[in-house]
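Remarks on the structure that follows.
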Amino acid sequence: MPELPEVEHVVRALRHTITGRTIVAGEVRLPKLIAPLSAAAFHRKVKGSTIKGVSRRGKFILIECHRGRNTESNRSDFILAVHLRMTGKFLYLYPDDDIPKHSHAIFYLDNDRRLVFRDQRQFGVMKLIAGGQLTRTKGIKELAPEPFGEDFNPEYLKSVVHRSRRSLKTLLLDQTKVLGLGNIYASEALFRARINPFKIAGELSPARIIRLHQSILAVLRDAITDSSTSRIDLEQEDGFSYGEAFERFWQVYEREGESCVNCGSKIRRATHGGRSTYWCPKCQRR
DNA sequence: ACCCTCACCTGCACGC
DNA sequence: TGCGTGCAGGTGAGGG
């Protein structure tokens with residue numbers, strides 16, 4: 001379920017929790033999670049490595065590790081890149097806690113705690129990336145610029161939008177074009193920009209592209225800020241709950257039939273490319 | 001290069 | 001109570 005704001009919160013929680021810890025052992029129970037690497041090879045690589053830090057690229061969580069004493073040497077450094085997809089979660093278990101169902105990877109840490117990757121739907125993915133290879137890794141190298149970076153500017157968005165004949169809603173979900181939105185925040189960003197989700201991207205006026213750019217940033221930033229009131233707790237059964245702090249902020253998503261906060265019209269829902277899209281028919285006319 | 005459809009999974013809410 | 005259906009916030013492979 002997580003989109004960029006939720007991933008950002010998981011990254012902060014992990015950074016705070018596991019930076020500096022050494023991985024004593026790594027166990028993989030669902031081989032496809034790390035395929036084509038074998039569980040044995042995975043264990044050999046992570047065993048004895050120390051976690052330097054935790055960062056993010058798009059919706060990928062990057063756990064930066066190094067091995068051996070010489071931290072200056074890049075040679076044996078690697079990144080564990082984790083994508084939560086729909087239901088992936090991290091848990092930080094106490095020694096006596098049971099390992100819950102759907103736990104597909106377990107990292108035994110040097111403080112006797114275990115970091116568990118749990119994923120009910122098994123869509124999540126882990127990649128072991130050798131030092132310096134991040135920008136050459138398939139699935140990561142294709143990603144659009146970070147939304148909060150300099151390269152994601154109105155000019156960039158204009159170039160992407162003008163080249164596309166897809167609907168804006170579909171375009172916003174394409175991580176190689178616009179990074180960080182998912183099905184919820186794509187609807188929310190279009191609502192804030194007052195743009196109809198079915199509008200063809202290439203037909204968007206320059207003024208509206210600027211508005212869309214601002215709305216994308218505002219939605220992501222607000223979601224990160226608002227939800228910080230609900231701290232992501234890696235010790236909860238679910239690792240973290242998206243909870244009310246995230247939902248409270250939705251203005252159209254999952255609000256079919258409710259009144260638009262701007263004009264009072266009934267929010268509509270339609271299935272578009274197999275996924276739900278929500279919009280206000282009056283504020284977001286075609 | 002672009003874009004569409006389907007596939008990957010489990011669990012939950014719903015109607016009968 | 002059970003069973004079938006549709007739905008869920010993400011992406012990638014494969015094809016046109």
Side-chain angles (χ1 to χ4, degrees), chain A residues 1-10 29-36 56-61 81-89 100-105 117-127 137-144 147 159-191 197-203 216 219-220 222-224 226-227 230 232 237-256 269-279:
Chain A
M1 333 207 268
E3 304 180 32
L4 190 142
E6 291 82 0
V7 173
E8 177 63 27
H9 277 279
V10 175
R29 296 180 171 187
L30 183 74
K32 72 173 179 183
L33 178 65
I34 49 152
R56 181 184 64 65
R57 174 79 177 100
K59 299 176 191 171
F60 280 92
I61 297 165
V82 184
H83 200 301
L84 304 175
R85 294 285 180 92
M86 301 281 259
T87 51
K89 277 153 191 173
K101 202 175 168 185
H102 305 303
S103 295
H104 306 315
F117 179 72
R118 189 180 181 203
D119 184 9
Q120 167 183 301
R121 284 174 79 178
Q122 303 181 17
F123 290 170
V125 174
M126 267 187 203
K127 301 170 191 278
T137 301
K138 190 162 157 291
I140 293 182
K141 67 171 190 277
E142 298 87 354
L143 295 175
S159 72
V160 162
V161 161
H162 276 158
R163 244 180 288 147
S164 172
R165 299 300 300 165
R166 300 148 99 182
S167 74
L168 277 163
K169 171 70 188 321
T170 304
L171 185 72
L172 291 186
L173 292 176
D174 185 340
Q175 303 297 299
T176 69
K177 305 293 190 297
V178 175
L179 191 59
L181 299 174
N183 205 38
I184 296 172
Y185 298 130
S187 279
E188 296 295 328
L190 288 165
F191 174 73
F198 305 103
K199 178 144 186 95
I200 300 301
E203 297 172 359
I216 290 167
V219 160
L220 292 175
D222 288 358
I224 290 172
D226 283 22
S227 58
S230 82
I232 286 190
E237 165 73 6
D238 261 353
F240 49 90
S241 56
Y242 298 108
E244 292 163 25
F246 283 101
E247 292 169 20
R248 174 181 72 207
F249 143 116
W250 301 345
Q251 298 189 303
V252 286
Y253 191 81
E254 278 192 350
R255 296 207 171 195
E256 181 183 18
R269 168 187 181 272
T271 303
H272 181 218
R275 344 210 28 202
S276 293
T277 294
Y278 298 82
W279 78 103

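To find a chain, count down the sequence lines: A is the first, B the second, and so on, and within it residues start at 1.
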How about A:W250 and A:Y278: are their ring centroids closer than 6.0 Å?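 No, the ring of A:W250 stays outside the 6.0 Å limit from the ring of A:Y278, centre to centre.
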Distance below 4.0 Å between [X] side-chain N/O and [N] OP1 or OP2:
X: A:R165; N: B:dC3; answer: no
X: A:K59; N: C:dG9; answer: no
X: A:T87; N: B:dT10; answer: no
X: A:Y253; N: C:dG9; answer: yes
X: A:H102; N: B:dC9; answer: no
X: A:Q175; N: C:dT11; answer: yes
X: A:H83; N: C:dG10; answer: no

Measuring from the side chain of [X] (C-beta onward, heavy atoms only), which nucleotide among [options] has the closest atom?
X: A:F123; options: C:dA8, C:dT11, B:dC8; answer: B:dC8
X: A:T170; options: B:dC4, C:dG9, C:dG10; answer: B:dC4
X: A:R269; options: B:dT10, C:dA8, B:dC4; answer: C:dA8
X: A:Q120; options: C:dT11, B:dC3, B:dT10; answer: B:dT10
X: A:K32; options: B:dG11, B:dC9, C:dT11; answer: B:dC9
X: A:K138; options: C:dA13, B:dC3, C:dG10; answer: C:dA13
X: A:R166; options: B:dC8, C:dG12, B:dC4; answer: B:dC4

Is any side-chain N or O of A:R163 under 3.5 Å from a base N or O of B:dA1, one able to act as donor and the other as acceptor?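 Flag unset: no donor-acceptor pair detected.
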Secondary-structure stems for DNA chain B, with pairs counted as Watson-Crick or G-U when both distances are under 3.5 Å and runs at least 3 long: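 DNA chain B forms these stems: B:2-8 with C:10-16, B:10-16 with C:2-8.
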Which pair of heavy atoms, one from A:A105 and one from A:L33, lies closest together, and at what distance?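 Shortest heavy-atom separation between A:A105 and A:L33 comes out as CB-CD2, 3.8 Å.
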Minimum-distance pair of heavy atoms, taken over all atoms of A:L179 and A:L220: O-CD1, 4.3 Å
Rounded to whole angstroms, how far apart are NE2 on A:H104 and C1' on B:dC8?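 Spelled out: NE2 on A:H104 to C1' on B:dC8 is 12 Å.
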For atom NE2 of A:H272 and atom P of C:dC7, their distance in whole Å: 16 Å
Test item: side-chain donor near acceptor, A:R118 and A:S103, under 3.5 Å: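 Note: A:R118 and A:S103 side chains miss the donor-acceptor criterion.
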Any ion pair linking A:K59 and A:E3 (charged N to carboxylate O, less than 4.0 Å)? no
Do the side chains of A:R269 and A:E254 get close enough for a salt bridge, i.e. N-O under 4.0 angstrom?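 So A:R269 does not pair with A:E254 through a salt bridge.
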Roughly how far, to the nearest 0.5 Å, is the CD1 atom of A:I224 from the NE2 atom of A:H9?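 Answer rounded to 0.5 Å: 6.0 Å.
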Roughly how far apart, to the nearest Å, are B:dC9 and C:dC3 at atom P?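 B:dC9 and C:dC3 have their P atoms separated by 23 Å.
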